[in-house]
Student: 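First, the structure itself, so that you have it in front of you.
Just so you know, these numbers come straight off a predicted model, no measurement behind them. When a residue number appears, it is its place in the shown sequence, counting from 1.
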Amino acid sequence: AAKVFGDATERTRLERLMHPRIHARREARFANAPSDTVAFVIDAPLLFEAGLDAECDAVLFVDAGRETRLDRLRSGRGWSEAELERREAAQIPPSEKRSRATRVVRNEADRVATLAEALKPALNRAESQGVDVDVMAVDDGSHDDTWNALGQICTMDHRWHRCQLAHSAPGKRDALHLGVASTHGQ
C-alpha cells in the first residue's frame, strides 16, 4: 500500500493489471448467476474511477463524516490521519462521489434509523415479489452508538439482523461472507 498510494505511476500500473481481471471475474459471476436473480450489487471503492457507474442502474454512495471514517479506520485498520488523507487523495473526492451518486446513504449512528426507514419500501417491494429478504448489519468496530441503534431496529423489524466480529477478523470480505451466511433469505 505504501508503494501504490505513494506513487501515482505505480498505482496506475497496478490498476491496469488488476481492473481487467476484476472486471472479467465480475462479468463471469453475473453471467453465471441464477436465472431468478433480481439485482446485482457492485461494492467498489473505485466505482466512479473505473467507470463502473455507467454499468449501474443506480449508485448508492455510503457516506460517513470524516471524523467517523477516521475513527473507524484507526480502530479497524490502524490507519493514521495521514494514511486516510493519502488514500482519499488518490480517489475522486467524497464531495464529487456524493454529487454523482443516485442516492447518498449516511452510515452513522444518528442515521441508522433513517436508513432502515429508507430501505423499507425496497424491502417491502422485494417481499411482494416473493423474494425472501434479510438485511445483515456487520459491526465495523465503530465507537459510536450504531450497534445499539441496530439492536433497536432488529427488535422492530424481523428482516434486520446484526453480527459482531472479533477485532482479529481478517476483513471486509470475510465480514460480508459472514453476513451472507447468517441471513435466511436472499
Student: State plainly whether the residues Arg86 and Glu81 are in salt-bridge range, i.e. N to O under 4.0 Å.
Tutor: no
Student: Below 4.0 angstrom, N of the basic side chain to O of the carboxylate: do Asp134 and Arg159 qualify?
Tutor: no
Student: Verify side-chain contact (heavy atoms from CB on, under 4.5 Å) between Thr155 and Gln152, making sure each step is shown before the conclusion.
Tutor: CA-CA 5 Å; Thr155 300; Gln152 292 173 353; 5.7 Å; no
Student: Only counting residues at least two apart or in another chain, list the ones meeting side chain to side chain contact (heavy atoms under 4.5 Å, CB included) with Ser95.
Tutor: Pro93, Arg98
Student: Applying salt bridge (Lys or Arg N to Asp or Glu O under 4.0 Å), name anything that partners Arg162, two or more places apart in sequence or on another chain.
Tutor: none
Student: Please list, chain by chain and in numerical order, all residues satisfying side chain to side chain contact (heavy atoms under 4.5 Å, CB included) with Ser80, sequence neighbours excluded.
Tutor: Ala82, Glu83
Student: Can you list every salt bridge (Lys or Arg N to Asp or Glu O under 4.0 Å) pair that touches residues 114-124, not counting sequence neighbours?
Tutor: Glu117-Lys120
Student: With Ala33, which residues qualify under side chain to side chain contact (heavy atoms under 4.5 Å, CB included), at least two apart?
Tutor: Thr37, Phe40
Student: Pair up each side-chain donor or acceptor in residues 14-27 with any protein partner under 3.5 Å, not counting sequence neighbours, and list the distances.
Tutor:
residue : atom : partner : partner atom : Å
His23   : ND1  : Arg26   : NH2          : 2.7

Student: Shortest non-hydrogen contact from Gln91 to Pro45?
Tutor: OE1-O, 3.8 Å
Student: Given 3.5 Å as the limit, does a donor-acceptor pair link the side chain of Thr102 with the main chain of Ala58, or not?
Tutor: no
Student: Counting only N and O atoms by type, is there a donor-acceptor contact under 3.5 Å from the side chain of Asp157 to the main-chain atoms of Ile153?
Tutor: no
Student: Could you tabulate the donor-acceptor pairs under 3.5 Å formed by side-chain atoms of residues 1-9, not counting sequence neighbours?
Tutor:
residue : atom : partner : partner atom : Å
Asp7    : OD1  : Thr9    : N            : 2.9
Asp7    : OD1  : Glu10   : N            : 3.4

Student: Could you walk me through whether Asp63 and Val105 pass the side-chain contact (heavy atoms from CB on, under 4.5 Å) check?
Tutor: CA-CA 6 Å; Asp63 194 17; Val105 177; over 6 Å; no
Student: Do any pairs count as a side-chain hydrogen bond (donor to acceptor under 3.5 Å, both in side chains) and have a residue in residues 44-61, sequence neighbours left out, and if so which ones?
Tutor: Asp53-Arg100
Student: With rounding to the nearest 0.5 angstrom, report the SG to CH2 distance, Cys163 to Trp147.
Tutor: 6.5 Å
Student: Under the 4.5 Å side-chain heavy-atom rule for ILVMFWY, direct or indirect, which residues accompany Leu73?
Tutor: Leu70, Trp79, Leu84
Student: Show which residues join Met156 in its hydrophobic cluster (side-chain heavy-atom contacts under 4.5 Å, direct or indirect), or state none.
Tutor: none
Student: Let's go through Phe48 and Lys97 carefully: what are the C-alpha distance in whole Å and the side-chain angles of both, what is the deciding distance for side-chain contact (heavy atoms from CB on, under 4.5 Å) to 0.1 Å, and is it a yes or a no?
Tutor: CA-CA 8 Å; Phe48 292 115; Lys97 290 181 180 185; 3.7 Å; yes
Student: In this structure, are over 12 heavy atoms from other groups packed under 6.0 Å from Arg103 atom CZ?
Tutor: no
Student: Where do Pro94 and Arg69 come nearest, in terms of heavy atoms and distance?
Tutor: CG-NH2, 4.2 Å
Student: Could you give the distance from CG (Leu150) to CE (Met136), rounded to the nearest 0.5 Å?
Tutor: 11.0 Å
Student: The criterion is salt bridge (Lys or Arg N to Asp or Glu O under 4.0 Å); which residues satisfy it with Asp145, sequence neighbours excluded?
Tutor: none
Student: Check the pair Cys56, Leu47 against side-chain contact (heavy atoms from CB on, under 4.5 Å), reporting the backbone distance first and the verdict last.
Tutor: CA-CA 10 Å; Cys56 298; Leu47 186 114; 4.3 Å; yes
Student: Using the side chain to side chain contact (heavy atoms under 4.5 Å, CB included) criterion, which residues pair with Leu119? Sequence neighbours excluded.
Tutor: Leu115, Leu123, Trp160
